[in-house]
Amino acid sequence: MPKITLPDGSAREYENPVTVMDVAESIGPGLAKAALAGRVDGELVDSSCLISTDADLAIITERDTDGLEIIRHSCAHLMAQAVQRLFPKAQVTIGPVVENGFFYDFAFSRAFTPEDLQAIEKVMGDIVKENLTVERSVMSRDEAVEMFKEKGEDYKVQIIESIPGDEDLSFYRQGEFIDLCRGPHVPATSSFKAFKLTSVAGAYWRGDASNEMLQRIHGTAWGSKKDLKLFLQRLEEAEKRDHRKLGKHLDLFHFQEEAPGMAFWHPKGWSIYQTVQRYMREVQDKNDYKEINTPQLVDYSLWEKSGHASKFSDEMFSVESENRMYAIKPMNCPCHIQVFNQGLKSYRDLPLRLAEFGSCHRYEPSGSMHGLMRVRSFVQDDGHIFCTEQQIQAEVADFMTLLFAVYKDFGFDEVILRLSTRPEKRVGSDEVWDKSEQSLKDALNATGLPWELVPGEGAFYGPKIECSLKDCMGRVQQCGTIQVDFSTPGRLGAQYVAEDGSRQEPVMLHRAVLGSFERFIGILIEHYAGAMPAWLAPEQAVILNITDKQSNYCRNFEESLKNKGFRVSADLRNEKIGFKIREHTLQRIPYLLVVGDKEVEKGTVAVRKRGGEDLGAMTFDEFCTLLNQDVASFGRGA
RNA sequence: GCUCGCAUAGCUCAGGCGGUAGAGCACUUCAUUGGUAAUGAAGAGGUCCUCGGUUCAACUCCGAGUGUGAGCACCA
């Protein structure tokens, strides 16, 4: 006689053991129809799960995050079934849920085409109409291996054989299709209301580049057609914001074949770049960093000493000259240590914070490049803090504060923190790694913010905190980092004289707030959809005359604004005002200043914001005040 | 780097079952001096990514290369 307690606190008693679906039905037919699964005493189960003892139960529907995940996971099965109906020789592998959807990897003799995708989607629709019941079953490992061997599913056999332990495995069957799965799943194939296959691409078996390539089909699935539509609209919006597209439309930068992965910055793009750099320089100055600059070419031997050559030689550009091998610097740290090493340092000099807008070149694999986001030539807002072990925590904490403030100025309020710990390939003793990881953990805890542990993802010389920001599309972008390094200073002979007169090796903290200017500007472009806040906008205002009569007045106004340090221009072309407004609005210029006879007479300009808002007539001083305020607010609250 | 796709005017893109190409915007010129998202007309603009192959003939078909897109792998 199970007593079922529902989330609202109400309880129901049943005479016999009941399934989740039974409970849903007893509550109402609407709920029964919507029920996808249940959460019994906190654990997700199928709707067919039998409850025989008193329990807390929540019925999961598409409205729950869990419900959506179940739909997506089940949709992966649905797709696999459709694929195998169309292509019986395609072998199934894995099909997990991802953000907004799912994918399934197939081993097949050829690549799937967009037409295949359409056909698959159609068969998926057929299976939904067939309303096949999804049934869970349990099998021993041997039985399962036997079954999949018979079906010729070599990959499934491998998967089952690699699952540790020897408990029985659960399987889900719908019609002729059966797949190994932990579940839970939807009760029947009629549960799908809105899905779409979005793309097909190669993916390595088990994520290992030395393995064969499978065919990965991505799909998206939602609880309702409306949600699917909203999602597709969001994709469209993201496409419109693509920094590569906007970079061209707004004339910010370009790429060309002769310099793959290296941006040609145009005047407007470079203006943004310079503004960001000036800002960072100011922030660094205020925070007691000393800016330096180090060579682009450095003898290869330095990279061998630092340990980079042995790990990254394939990705370093090198230059031979006068029988010497140089590397074009792929990073700045070894050079910063050279600066530290000049002159004997005392503990009194620590912490010593060196900063450089360091131009770096890396031969990134061709397939990894992506607009400004991943390039072969970039400039880091790099910095290295030389300090003692005792100073690490305070330095990391200060850095985090600085980073939060900078992100806020750029209009990013949400920061996501992750700690990456020792990778397999690394230098330094475990003891040193213990120490480094602990100091970062302490610093993270001190921020009071949540953080995530990512084991094995640290740099080869030390663990790191990665700081990601969330842009206005909800996308997470990794930008800042701070890394503890107990190894490299020693390798490159950095020392300081301690209080007791002994020679000690300093700890080095590698840190960057923006990461690279290129990538960060790419993120900014997409975040603002090209409509940069006034402080960053390459052109802050443009003055538009209505007829030639006002040209001189416009030129004078422009000149006066320029003298105040604003980035403005005048558009005195013989064009209609509507045309000029349209053009400069499309160029996302924050303020359009219209001048006709009325304005000349009164000594004003008519101010229009790029969004279309009319701010009315303003005098020169009034407009300067407005623009100054706008610029001073940075991107906060934008 | 891997799988698959793509590469045509400055930009966005059409096009042709193999016979050297077209639109809109931009550009130039002329007319127009017009008050808040496109004034009208005319003109100019292309080695159809590169190199090979097939063919009487290749921008089109085939192969390779380069770049690029999606995804995978990589990311000091």
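All figures in this text were calculated on a predicted structure; none of them were measured in a lab. First the proteins, then the strands, lettered A, B, ... as listed; each starts at 1.
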Now, which nucleotide makes the Watson-Crick or G-U wobble pair with [N], with each of the two distances under 3.5 Å?
N: B:G16; answer: none
N: B:U54; answer: none
N: B:U28; answer: B:A42

Exercise for the section: Could you tell me whether A:Asp208 and A:Arg206 have a side-chain N and a carboxylate O separated by less than 4.0 Å? Expected result: no
Handout entry: A:Glu236/A:Lys240 salt bridge by N-O under 4.0 Å criterion
Key = no
Check every strand shown and say whether [X] touches a base, only sugar-phosphate, or nothing at a heavy-atom separation below 4.0 Å.
X: A:Lys245; value: nothing
X: A:Tyr461; value: sugar-phosphate
X: A:Ile577; value: sugar-phosphate
X: A:Lys248; value: sugar-phosphate
X: A:Arg216; value: sugar-phosphate
X: A:Gly578; value: sugar-phosphate
X: A:Glu575; value: base
X: A:Phe312; value: base

Out of [options], which has the shortest distance to the side chain of [X]?
X: A:Ala201; options: B:A70, B:U39, B:C72; value: B:A70
X: A:Ser366; options: B:G35, B:G1, B:C75; value: B:G1
X: A:Asn574; options: B:C4, B:U32, B:A76; value: B:U32

Problem - Residue whose closest nucleotide on RNA chain B lies nearer the 5' end, A:His370 versus A:Glu466 - result: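 Per heavy-atom nearest nucleotide, the more 5' residue is A:His370.
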Problem - Gap between atoms CD and P, on A:Glu257 and B:G69 respectively (whole Å) - result: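 Distance, rounded to whole Å: 12 Å.
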[N] versus [M] - spacing of their [atom1] atoms, nearest Å:
N: B:G24; M: B:C59; atom1: P; value: 26 Å
N: B:G63; M: B:C4; atom1: P; value: 12 Å
N: B:G46; M: B:C27; atom1: C1'; value: 15 Å
N: B:G10; M: B:U32; atom1: P; value: 32 Å

Practice task
For A:Gln84 and A:Glu153, test the side chains for any donor-to-acceptor distance below 3.5 angstrom and give the result as yes or no.
Solution key: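 Side chains of A:Gln84 and A:Glu153: pair found under 3.5 Å.
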